[in-house]
Structures are given as structure tokens and as C-alpha cells.
Amino acid sequence: MAESTTTPTNNNNHSAGGGGGGESVKLFVGQVPKHMTEVELITMFKEFSLVDEVNIIKDKTTRTSRGCCFLICPSREEADKAVNACHNKRTLPGASSPLQVKYADGELERLEHKLFVGMLPKNVSDAEVSALFSKYGNIKDLQILRGSQQTSKGCAFLKYETKEQALSALEAINGKHKMEGSSVPLVVKWADTEKERQARRAQKAQSQASGVPNTDPTQQPSLFGALPMGHLPLYNGYGYQAPGTYGLMQYPLPHMQNQPGFHNMVPPVNRGNAVRGLSPDLAPGLGTRSFSPANYIRPGYPSIPGLQYPMSYPGGMINQGSHNSSHATSPTANNNLAASSNVSTSSGIQTEGPPGANLFIYHIPQEFGDPELANAFQTFGRVLSAKVFVDKATGISKCFGFVSYDSPVAAQSAINVMNGYQLGGKKLKVQLKRDNKQNKLY
DNA sequence: TCATATT
């Protein structure tokens, strides 16, 4: 019943000339050829919408493009124009599939202007909360969290129409306003994004796993869940996130192998076992071998522990010899395989082989990384690249991947020998990679 | 189950 606030019908406030009233929007863009510059991208996107900025996303260490970028548009309308004109609609020269243009992670949530309200009285009504917060803007959504018996959990989420409204409510109420019948002031902060909740969950799980006696978050369960860091001194430092920042205090990502590029952390034992399973039956395949000169075991270089091929197994270099492995051996190095095969992609483009030379492989053993995959398929020809897909979040193998050769003949002989080959409990499925990049031109 | 990547 508090509908008498501003009407949203006429809010073209993003065009505030020079005043900067509008809210810019960040888009994520995928399938961007690595060689393109920010200027080139700006020029291209300006054809479809207003553009404030383009940031190419680069690899932290090599500083090379990761094949994607952020695109900052001055308003949601402009962002939508870019999305509608480009997403899945245009393929940049050199890309294998069309542009992916979407709101960046957390962006949609941020645009909801959603606040968390804590320390509400247990018996509070929607109308009371609504009445209070309506003073600062148009409430688009209000949700008081309630438990089993209708009883309030003491907190709520609410969305405003604009960031300014939310911000002014936050500043006016947080830590200052006491609701009727309550002895403590309300807590108002920006609601967490999904990502922040995930991070918190991970952190919580981590701390519980590490033997912390899990003291009593039960006094303020819902509040606890929404606050920046687990336990907080109750009225002390309820700072809210500075406007315009995306939140997230640093959560020390405790996880194991979140490092892209270091998937070789499998314990040597597993590695040995996994590979060992490959040896006996592979012999027939090796019988038809056609070793290229580049495939040989480097003298003095340790081959895979547990691998015993009838003749010298052509483990070793992949990909026209990248410069790695100048070090001979370190006794503790558990990455024997890895060092011998730093599979492409680092050298930039061209991870795909010619048509018919690229394999899709399913049921790859869990513990296989790129190097192990490369090794297993190396006897059939020159491997240009080998990639096992891993879950973005956990770093766990998804058990499928690709191997690319420089010739279709190699790929075919790999299929002949390896398809159906029992490896680590399951049979490999080896087939030609689907090609969605073909007969487009004639 | 087919190269997808969020500074």
C-alpha cells in the first residue's frame, strides 16, 4: 500500500550530460581473436552501441590475450544493443565460432540494486519495512525471510529501482535507525552476489573441515550468512561495500589446483598406475608404428615410470619442441611426463590440426592431464595439442578432451588402436572431433 | 559428450 513514490516510466537518467548519473554496464565478450587490440574492438563495437571502454582479458603471466574481453557500455540500453547485435551473430576473422556477448559475472545482480537488511524485529510486517524504505525510493521487491512458523528470521532483502535510491537508504538507515520495539539499529548493506555466497560457502566448508569447533553461528543464522566474514562483532564495522565496487573481500581461495596451467600435480603414484594400465595392449598399436624422427626418447630423460613398451616408447617431445625441459632431472620432480610435453597453446595460435586430424576422446582416466593424454596418443603421429577438460571450479578432470595431429592418417590410426581401449576401468571412446566450422564457404 | 575464456 505504499505505491505513492516515483514512477519508473520516465527514467532516462543515463543520459545525464557530463554529470555521470547513468549506470554503466559491463559485458563479457568471448571468441575474440587473440591478436585483436582494444582499439580495434572498440571500433567494431561502436558500430552497434555506445562504448566507454574495452578491456582485453590477458593471461596473468604471459600478458597475452585470453581470447576474451570486457566491454563497458554507458547504460543498459546500450549494452543490450551490443548483445543483440553481436551475440552469436558475428564471427571475427580468425575465430572458430561466433562472438559471445553477455553480461559479465555478477553484473545482473549488481543492477538489481539489492540490499540486505538485518536486525529486524521478529514480528515485523512487510508493511512496516516497506513504509520505512519507501522514503528513499521505489521498492521493486521486498522479501522478509521467515521460518517455519511465519516468524521472521530478522532479515530481509529488498530491491530498489536505482542505485542512488538504494545507496541513500543504506546510508540513512544502516546502524542508525531502530525499528519500533527494537533496541538495536538495523543493518543495511549491499546483498551478496552469487559469487560471494559461493566463496563464503567454500570458506565455511574449509574452516569446518580444518577442525575449527564451529562455534555458535546459530544466534543470528541468517545475518551470519549474509555478512562479509563469518563472525563479526555485532555493531562494529558494519561497513558496507563502497558504491561501485563489486564487493568481495578477498577470500583466500583455499583450494588445491586452481592454477590454470599447472595441472601436473597428480601424485606420482597415481600417475604411474594410470599409465601402467596402458602398456600391455598398446603393443599391437605400436606394431604399426610409423615414428617420425622427432618422436624419440630423449637420452637421459626419464621416461614414464611404469611404462614398459616393447621397444622404446616414443615418449618425449610434442609440438615441434618447445623450449622446456632443458633441465635434465630433478629427483623430486613428479612431472616427468609434463616436462616432456608442454602442449602447445603457449606458442599462441593453432591448436587445431587440419580437418580430419582432430580427435575427441571420452572416458579419459580421471588422473590424466594434458601431458598424459598427449603421451598416450603420441605414438600415432605428431601431436599438435592435447587438452583434457577440467571443471572450472574444482579443477577436476571432466574425463574428455581433444588430441590434434598434423595429419588425418595419424588420427585415423589412433582411432583404430585406441577406440574401445580399456584404460583405467573404462573404455576410451576415440572419434573424430565434430567440426562446426566447415562448409560455410562456397 | 566436442576447444568456454570473467581482468
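Chain identifiers are assigned alphabetically (A, B, ...) following the order of the sequence lines, protein sequences preceding nucleic acid strands; residue numbering begins at 1 within each chain.
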How many whole angstroms separate atom [atom1] of [X] from atom [atom2] of [N]?
X	N	atom1	atom2	result
A:E194	B:dT6	CD	C1'	15 Å
A:L359	B:dA3	CG	P	14 Å
A:Y362	B:dA3	OH	P	14 Å
A:K26	B:dT6	NZ	C1'	8 Å
A:L373	B:dC2	CG	P	16 Å
A:K102	B:dA5	NZ	C1'	9 Å
A:D391	B:dT1	CG	P	12 Å
A:N358	B:dT1	CG	C1'	16 Å

Residue [X], side-chain heavy atoms: nucleotide from [options] that is nearest:
X	options	value
A:K433	B:dC2, B:dT7, B:dA5	B:dC2
A:F400	B:dA3, B:dC2, B:dA5	B:dC2
A:K429	B:dA3, B:dT1, B:dA5	B:dT1
A:F28	B:dT6, B:dT4, B:dA3	B:dT6
A:S385	B:dT4, B:dT1, B:dA3	B:dA3
A:D105	B:dA3, B:dT6, B:dT7	B:dT6
A:E352	B:dA3, B:dT1, B:dT7	B:dA3

Tell me, which pairs form a salt bridge (Lys or Arg N to Asp or Glu O under 4.0 Å) where one or both residues lie in residues 50-60 of chain A, sequence neighbours left out?
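Residue pairs passing salt bridge (Lys or Arg N to Asp or Glu O under 4.0 Å), neighbours aside: none found.
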Partner of A:V403 under side-chain contact (heavy atoms from CB on, under 4.5 Å), chosen from A:I364, A:L373, A:L384, A:V388
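Exactly one candidate clears the test, A:L373.
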Taking side-chain contact (heavy atoms from CB on, under 4.5 Å) as the criterion, tell me which of A:I173, A:L142, A:L170 meets it with A:L115.
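Exactly one candidate clears the test, A:L170.
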Check whether A:N358 reaches the backbone of A:G353 with its side chain - one donor and one acceptor, N or O, closer than 3.5 Å.
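The answer is yes, because a donor-acceptor pair under 3.5 Å joins these two groups.
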Are OP1 or OP2 of B:dC2 and a side-chain N or O of A:Q431 less than 4.0 angstrom apart?
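For B:dC2, neither OP1 nor OP2 has a side-chain N or O of A:Q431 closer than 4.0 Å.
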In terms of the angle between their ring planes, are A:F400 and A:F402 parallel, tilted or perpendicular, with boundaries placed at 30° and 60°?
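Perpendicular, since the angle between the ring planes exceeds 60°.
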Is the base of B:dA3 touched by the side chain of A:S404 through a donor-acceptor pair closer than 3.5 angstrom?
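It does, because a donor-acceptor pair links the side chain of A:S404 to the base of B:dA3 below 3.5 Å.
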Does anything in residues 52-64 of chain A come within less than 4.0 Å of DNA chain B? Heavy atoms only, and list the residues if so.
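When residues 52-64 of chain A is checked for heavy atoms under 4.0 Å from DNA chain B, the hits, listed by number, are A:N55, A:I57.
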Suppose we screen for salt bridge (Lys or Arg N to Asp or Glu O under 4.0 Å). Which residues come up paired with A:K89, at least two apart in sequence or across chains?
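Salt bridge (Lys or Arg N to Asp or Glu O under 4.0 Å) check on A:K89 returns nothing, list empty.
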Nearest heavy-atom neighbours spanning A:Y160 and A:K140
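Of all heavy-atom pairs spanning A:Y160 and A:K140, the closest is C-CG, 3.6 Å.
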Distance from A:I42 atom CD1 to A:M36 atom CE, nearest 0.5 Å?
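Nearest 0.5 Å value for the CD1-CE distance: 11.0 Å.
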Work out how far the C1' atom of B:dT6 is from that of B:dC2, and round it to whole angstrom.
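Nearest-Å result for B:dT6 against B:dC2 at atom C1': 22 Å.
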